[in-house]
Amino acid sequence: MRYLPHAPHEIEEMLSVIGAGSEEELFASIPADHRSAPSEPSRGLPEFKLLGVMEAMAARNRVLPVKLAGAGVYFHAVPAAVSHIVSRSEFMTAYTPYQPEVSQGTLQAIFEFQTMVSELLGLEVANASLYDAATGLGEALLMAVRVHKNKRTKVLISRAIHPLYLKVVETMLGSFGGITVEYLEVCDTGATTLPEAIGGDVAAVALGYPNFYGVLEPLDQAAGLTTASGALLISVTQDAALLGTLAAPGALGVDIAVAEGMSLAGTMGMGGPSVGLMATRSALVKQMPGRIVGQTQDTGGERGYVLTLATREQHIRREKATSNICSNQALVALAFSVHIALLGHLGLERINTLSMNRARRLMDGLLTIPGVRRVFSGPFVSEFVLSFPGRVEELCNHMVDSGVLFGIRLAPLVSAPELADAVLLATVETLTEGDIDRVVELAANFYGGRK
Amino acid sequence: MPDIKKGMLRKVPVIFELGCEGREGFALPEAEPLTGEPLPDRFRRAAPPLLPRLDEVSVVRHYTQLSHWNHAIELGSYPLGSCTMKYNPKINEITAALPGFTRVHPLQCEEHLQGSLELLYVLEDSLKRLTGFERITLQPLAGANGEFTGLSLIKKAIEAKGEGATRRKILIPDTAHGTNPASVVLNGFEPVSIETGAEGHLLPEAVVPHLGPELAGIMVTNPNTLGIYEASLKDIAAMVHGAGGYVYMDGANFNAIMGKVRPADIGVDTMHLNLHKTFSTPHGGGGPGAGPVGMTAELARFAPVPVVDRRDDGTFTLVTGSDDSMGKLHPFFGNFGVLVRACTYILELGEEGLHEVTRRAVLNARYLRKRLEEYLDLPYQVETLHEAVFSDKTLKKETGISTMDIAKRLLDFGFHPPTVYFPLIVSGAFMAEPTETESKEDIDDFVAAVATVIGEARENPDMVHNAPHNTGVGRLDEAFAARKKILRYTPAETDPVD
């Protein structure tokens with residue numbers, strides 16, 4: 001077998017050094033009644049056949065070239081340099097950088113990643129990444145409760161956060177136990193209604209920025225209310241690219257900011273591998289989960305990097321750790337960093353301006369169709385909700401025939417009467433004005449014309 | 001002028017120290033100023049973020065230069081115990097990048113995701129055959145996330161019996177990974193540490209005092225982190241079940257028993273597998289991994305949603321499942337790209353190949369153990385499988401040279417050292433796992449390097465104590481980093497953040 005570099009005579013030599021008669025003998029420590037004889041083990045495939053099998057499988061997916069869907073997965077244009085860099089053996093086949101003297105490549109790349117995340121999220125300290133934004137949000141809520149030394153155990157969570165993120169958070173908090181969750185409702189603008197007076201038992205308030213419906217939550221106002229009550233404000237952003245243009249969460253008063261980075265990393269197909277970004281104020285770093293890289297020096301005084309503040313982590317603190325997380329999403333974080341380095345702030349601004357222009361063209365065009373209306377009036381960036389005059393599923397199928405993924409229907413995800421015929425639409429920089437006009441035309445024809 | 005070290009290794013500036021305003025690394029259409037509904041000023045950045053200002057060539061060079069500072073499995077041996085640093089087949093990268101997989105949206109309707117769902121189905125089915133479980137969820141994002149998942153399943157089952165308030169204790173042997181007790185706490189259980197027997201096994205006697213109405217379960221790594229098969233696990237499982245508890249198996253070391261033991265058959269209720277260990281997906285410098293979790297029929301009703309099922313006509317469907325489900329671990333399908341790689345590996349090798357992998361992993365580990373016994377203490381003498389744990393006890397007493405010193409000196413010979421100071425019950429632990437993809441001469445070379453270092457420890461201890469000498473940087477000051485807390489780059493000479 002091609003991955004096993006043992007000639008038969010070498011196996012014999014090794015067995016004789018060990019003092020065993022056969023490879024089977026090496027398993028003598030497994031009791032007979034623990035063993036299950038494999039019934040007809042399956043056989044492998046040579047690479048050329050395997051590739052055919054996998055290509056056929058992949059081909060049974062239907063790729064729609066024009067995507068107007070987001071909901072946490074945004075098909076940004078990712079330059080070839082990104083996948084090329086992360087495919088380098090030295091990054092891809094390295095382990096966690098526990099031996100810093102031979103891991104400076106990974107460590108410096110993470111240090112640079114932390115700096116980028118700190119800048120985008122507008123907070124002083126970022127970690128080396130978490131699994132994704134959903135578990136990041138769950139971790140942020142648990143962190144807030146720890147910051148309050150478990151004396152405040154209630155959290156207020158916006159219902160306008162991604163419903164699938166909320167499912168993950170429910171799973172995390174539900175299993176942890178002892179935390180009371182109250183959900184904040186959504187008003188007509190699409191923003192979350194925060195009670196004027198937040199009780200003294202609230203550890204944290206969590207809002208989407210922009211939220212799942214694409215609406216920008218007034219984080220600065222929310223920060224005023226939460227700070228006055230002593231609670232921490234948490235924000236979650238589904239596409240970190242937006243933070244190149246939007247006011248940074250930290251600048252608006254957020255204490256723990258979380259964002260998803262996979263859409264810039266280029267790993268968003270089928271929704272992962274994802275990468276969760278997290279940043280906070282430096283005063284809270286002791287309660288932060290996940291790995292952190294810090295700058296240091298070697299015996300000769302030269303600059304270098306190591307994993308640091310490990311006394312927060314499970315391998316040192318075990319049951320007293322801030323989280324059970326052991327890995328980070330290092331390679332996805334690297335892809336994110338390479339893309340950010342290529343874009344710089346001007347590239348991010350360009351992406352966002354293109355996306356925003358396309359979103360407005362799409363919204364304005366679709367609103368010319370009788371019966372189509374905007375569901376939420378609040379300010380938006382490049383994702384928004386429209387309600388259609390019935391037959392929404394049929395409309396989406398009609399679009400598929402022309403190679404268009406026409407948004408995400410909300411009814412299966414959120415049960416609210418006003419969203420029964422609603423579609424969540426999103427745009428990215430790869431869409432042309434021609435794509436948008438064609439989609440509007442398809443929709444207009446479907447419903448029989450424009451106003 | 002670039003600062004060049006020996007062998008053309010370049011000192012790499014922090015990326016923010018490079019470039020200047022006016023350089024561009026992107027090729028995007030020009031953007032008209034925003035027309036239509038404006039973005040309110042209060043939501044716009046007051047100042048741009050500090051990000052690199054570089055062209056593509058400079059970015060690619062920067063990261064390529066950085067890569068030269070890493071050791072990697074494709075450069076040489078990486079015998080980290082318990083981490084299973086095996087070769088990562090190239091074909092896996094090709095299949096994971098197939099456009100059919102990478103260009104679909106996870107919320108497209110299931111008719112459009114038949115290829116992805118088939119992949120999930122085939123992978124689940126393959127893992128079921130290897131482990132004997134009723135159901136495998138592929139959502140967990142890493143081993144630790146898998147532990148959380150399995151413990152949540154146990155919690156659900158206990159709560160369903162109305163015993164949630166009393167059954168709160170999870171037994172964990174003292175050889176366990178730190179993630180085990182941390183996961184127990186995240187599930188609202190209480191970890192109770194139990195001692196490993198004198199021979200390195202878990203003994204039924206250690207479990208007996210804890211059997212009772214407060215026992216939620218036990219978490220056992222098998223083979224354990226000493227590389228020893230837990231021969232009493234089946235009996236212990238029966239005892240725990242008899243007391244109303246559940247058995248979680250940490251499958252981090254499943255590579256040692258593929259084709260020999262199906263954990264479900266010996267009484268394990270739930271376990272995780274590390275696809276980035278046993279099933280060859282790259283570690284990527286720390287992730288992404290994937291930690292699928294197997295479960296018995298009893299626990300399957302609590303499985304995370306959605307699950308993939310095959311219809312009678314051969315098509316695949318997503319089932320959101322019962323109200324009993326423990327919920328979701330990931331908004332979509334977990335680290336899907338990792339799942340494609342693992343599935344590719346399993347299909348390439350077949351079960352025959354996987355069984356051979358296990359045989360060869362154990363052959364290599366036993367050979368390495370035999371050869372290293374000459375130079376280091378072996379605190380547990382019983383038979384081991386995929387790894388072996390040594391101690392620096394005698395060497396340290398005689399020479400003052402510790403496991404950490406040996407580890408750092410091995411770097412000078414081009415070897416990544418084994419896992420050090422774990423498991424915690426071995427003083428100065430030196431935990432070596434060659435994996436099946438190392439050749440006999442790789443192992444012989446490694447042993448020769450260890451022998452040289454041990455020789456130096458006696459004749460020239462300073463050489464070892466001050467190692468490494470050949471790496472790009474010298475031994476790094478971890479206390480300095482913890483004290484200074486420089487956790488990001490700041491333009492005006494790195495001020496600490498607090």
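Below, chains carry the letters A, B, ... as their sequence lines are ordered, and counting in each starts from 1.
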**Message:** Which atoms of B/L354 are under 4.5 Å from chain A, going by heavy atoms: the side chain, the backbone, both sets, or neither?
**Reply:** neither
**Fill in**
If one checks every heavy atom of B/E438 against chain A at 4.5 Å, the contacting part turns out to be backbone
**Request:** Indicate whether any N or O donor in one side chain lies under 3.5 Å from an N or O acceptor in the other, for A/S89 and B/E74.
**Result:** yes
**Message:** Tell me which of these, A/A128, A/A28, A/S83, A/S129, has more heavy-atom pairs under 4.5 Å with chain B than the rest.
**Reply:** A/A28
**Message:** At a heavy-atom distance under 4.5 Å, which candidate from A/R318, A/R60, A/E55 has the highest pair count against chain B?
**Reply:** A/R318
**Request:** Could you tell me which portion of B/V184 (side chain, backbone, both or neither) has an atom closer than 4.5 angstrom to a non-hydrogen atom of chain A?
**Result:** neither
**Basic-acidic side-chain contact under 4.0 Å: A/R43, B/E351** = no
**Prompt:** Which region of B/L411, side chain (C-beta onward) or backbone (N, CA, C, O), has a non-hydrogen atom less than 4.5 Å from a non-hydrogen atom of chain A, or is it both or neither?
**Reply:** side chain
**Asked** So what's closer than 4.5 Å to chain A heavy atoms on B/Y78: side chain, backbone, both or neither?
**Response** side chain
**Prompt:** Relative to chain A, which segment of B/P33 carries a heavy atom at a distance below 4.5 Å: side chain, backbone, both, or neither?
**Reply:** backbone
**Request:** Grab the two heavy atoms, one from B/E147 and one from B/S183, that are nearest each other, plus how far apart they are.
**Result:** OE1-OG, 2.8 Å
**chain A contacts, top residue of B/L329, B/I91, B/T102, B/L98 (heavy-atom pairs, under 4.5 Å)** = B/I91
**Asked** What part of B/H105 lies closer than 4.5 angstrom to a heavy atom of chain A: side chain, backbone, both or neither?
**Response** both
**Prompt:** Between CG of B/D442 and CG of B/N364, what distance do you get to the nearest 0.5 Å?
**Reply:** 8.5 Å
**Item:** Selection from B/R129, B/E111, B/H355, B/E24 maximising heavy-atom pairs under 4.5 Å formed with chain A
**Value:** B/H355
**Fill in**
Closest non-hydrogen atoms of A/V168 and B/P331, given as atom of the first, atom of the second and distance, are CG2-N, 3.8 Å
**Asked** If you take all heavy atoms of A/G294 and A/T308, which pair is closest and at what distance?
**Response** N-CG2, 3.6 Å
**Asked** Side chain of B/R488, backbone of A/V125: donor and acceptor closer than 3.5 Å?
**Response** no
**Message:** What I want to check is whether the side chains of A/Q108 and A/E112 have a donor and an acceptor closer together than 3.5 Å.
**Reply:** yes
**Item:** Top contributor to chain B contacts, counting heavy-atom pairs under 4.5 Å, from A/G177, A/P97, A/S36, A/G344
**Value:** A/S36
**Prompt:** In terms of heavy-atom pairs under 4.5 Å, which option from B/R360, B/R103, B/R44 contacts chain A the most?
**Reply:** B/R360
**Prompt:** How about B/Y229 and A/H34: are their ring centroids closer than 6.0 Å?
**Reply:** yes
**Item:** With A/E90 via side chain to side chain contact (heavy atoms under 4.5 Å, CB included) - residues at least two apart
**Value:** A/R88, B/S67, B/H68, B/N70, B/L75
**Message:** Heavy-atom cut-off 4.5 Å, strictly under: side chain, backbone, both or neither for B/N145 against chain A?
**Reply:** both
**Request:** Pick one of side chain, backbone, both or neither for B/K370, based on which atoms fall under 4.5 Å of a heavy atom in chain A.
**Result:** side chain
**Prompt:** When the ring planes of A/Y305 and A/F111 are compared, do they come out parallel, tilted or perpendicular, using 30° and 60° as the limits?
**Reply:** tilted
**Message:** Between B/N335 (side chain only) and B/L141 (backbone N and O only), is there a donor and an acceptor less than 3.5 Å apart?
**Reply:** yes
**Asked** Have B/R475 and A/T299 got a donor and an acceptor in their side chains that come within less than 3.5 Å?
**Response** no
**B/I257 portion near chain A, given a 4.5 angstrom heavy-atom threshold** = side chain
**Item:** Aromatic plane relationship, B/H330 with B/F332 - under 30° parallel, 30 to 60° tilted, over 60° perpendicular
**Value:** perpendicular
**Message:** Less than 3.5 Å apart, any donor N or O on the side chain of A/T245 or A/E349 sitting next to an acceptor on the other?
**Reply:** yes
**Prompt:** Have A/S103 and B/H71 got a donor and an acceptor in their side chains that come within less than 3.5 Å?
**Reply:** no
**Message:** With chain A as the partner, which of B/A482, B/A231, B/G259 has the greatest number of non-hydrogen pairs under 4.5 Å?
**Reply:** B/A231
**Request:** Pick one of side chain, backbone, both or neither for A/L246, based on which atoms fall under 4.5 Å of a heavy atom in chain B.
**Result:** both
**Request:** Counting only heavy atoms closer than 4.5 Å, note whether A/D132 contacts chain B via side chain, backbone, both or neither.
**Result:** side chain
**Complete:** Under 4.5 Å to a heavy atom of chain B? For A/R360 that would be side chain
**Prompt:** What part of A/V86 is in contact with chain B, defined as an atom under 4.5 angstrom from a non-hydrogen atom: side chain, backbone, both or neither?
**Reply:** neither
**Item:** Which of B/E348, B/E93, B/R359 touches chain A most, by non-hydrogen pairs under 4.5 Å
**Value:** B/E348
**Item:** Residues B/N187 and A/S175: side-chain donor-acceptor under 3.5 angstrom
**Value:** yes
**Proximity breakdown for B/I266 and chain A, heavy-atom pairs closer than 4.5 Å** = side chain
**Message:** So for A/K167, is it side chain, backbone, both, or neither that comes closer than 4.5 Å to the heavy atoms of chain B?
**Reply:** both
**Asked** Taking NZ, NE, NH1 and NH2 as the nitrogens, is one of them in A/E13 or B/K440 under 4.0 Å from a carboxylate oxygen of the other?
**Response** yes
**Prompt:** When heavy-atom pairs shorter than 4.5 Å are enumerated against chain B, which of A/A20, A/S42, A/A126 gives the highest number?
**Reply:** A/S42
**Prompt:** Counting heavy-atom pairs under 4.5 Å to chain B, which of A/I408, A/T267, A/T353, A/L51 comes out on top?
**Reply:** A/I408
**Fill in**
If you tally heavy-atom pairs under 4.5 Å between each of A/A69, A/G19, A/A59, A/A321 and chain B, the highest tally belongs to A/A69
**Prompt:** Under a 4.5 Å heavy-atom cut-off, does chain B meet the side chain of A/V275, its backbone, both or neither?
**Reply:** neither
**Message:** Any carboxylate oxygen within less than 4.0 angstrom of a Lys/Arg side-chain nitrogen, looking at A/E313 and A/R317?
**Reply:** no
**Heavy-atom proximity to chain A below 4.5 Å, by part of B/R371** = side chain
**Message:** Treating A/N61 as the side-chain partner and B/S116 as the backbone partner, does any N or O pair qualify as donor plus acceptor under 3.5 Å?
**Reply:** yes
**Request:** Go through the atoms of B/N88 and report whether side chain, backbone, both or neither lie under 4.5 Å from a heavy atom of chain A.
**Result:** side chain
**Prompt:** Contact part of A/T96 toward chain B, heavy-atom cut-off under 4.5 Å: side chain, backbone, both or neither?
**Reply:** both
**Fill in**
Turns out that what part of A/R291 lies under 4.5 Å from chain B's heavy atoms comes down to side chain
**Message:** I'd like to know if the side chain of B/K234 and the backbone of A/D33 have a donor-acceptor N/O pair within less than 3.5 Å.
**Reply:** yes
**Asked** Checking A/A283 against chain B: side chain, backbone, both or neither under 4.5 Å from a heavy atom?
**Response** neither
**Prompt:** Where on A/L120 is there a heavy atom nearer than 4.5 Å to chain B: the side chain, the backbone, both, or neither?
**Reply:** both
**Item:** Interface moiety of A/E24 toward chain B, non-hydrogen atoms closer than 4.5 Å
**Value:** side chain
**Message:** With a 4.5 angstrom heavy-atom cut-off, is it the side chain or the backbone of B/P29 that approaches chain A, or both, or neither?
**Reply:** both
**Message:** So for A/E170, is it side chain, backbone, both, or neither that comes closer than 4.5 Å to the heavy atoms of chain B?
**Reply:** neither
**Message:** If we define contacts as heavy-atom pairs under 4.5 Å, which of B/G350, B/G285, B/A97 has the most with chain A?
**Reply:** B/G285
**Message:** Heavy-atom cut-off 4.5 Å, strictly under: side chain, backbone, both or neither for A/F75 against chain B?
**Reply:** side chain
**Item:** Which portion of A/A251 sits near chain B, non-hydrogen atoms under 4.5 angstrom
**Value:** neither
**Prompt:** Hey, is B/K86 close enough to B/E436 for a salt bridge, meaning N to O under 4.0 Å?
**Reply:** yes
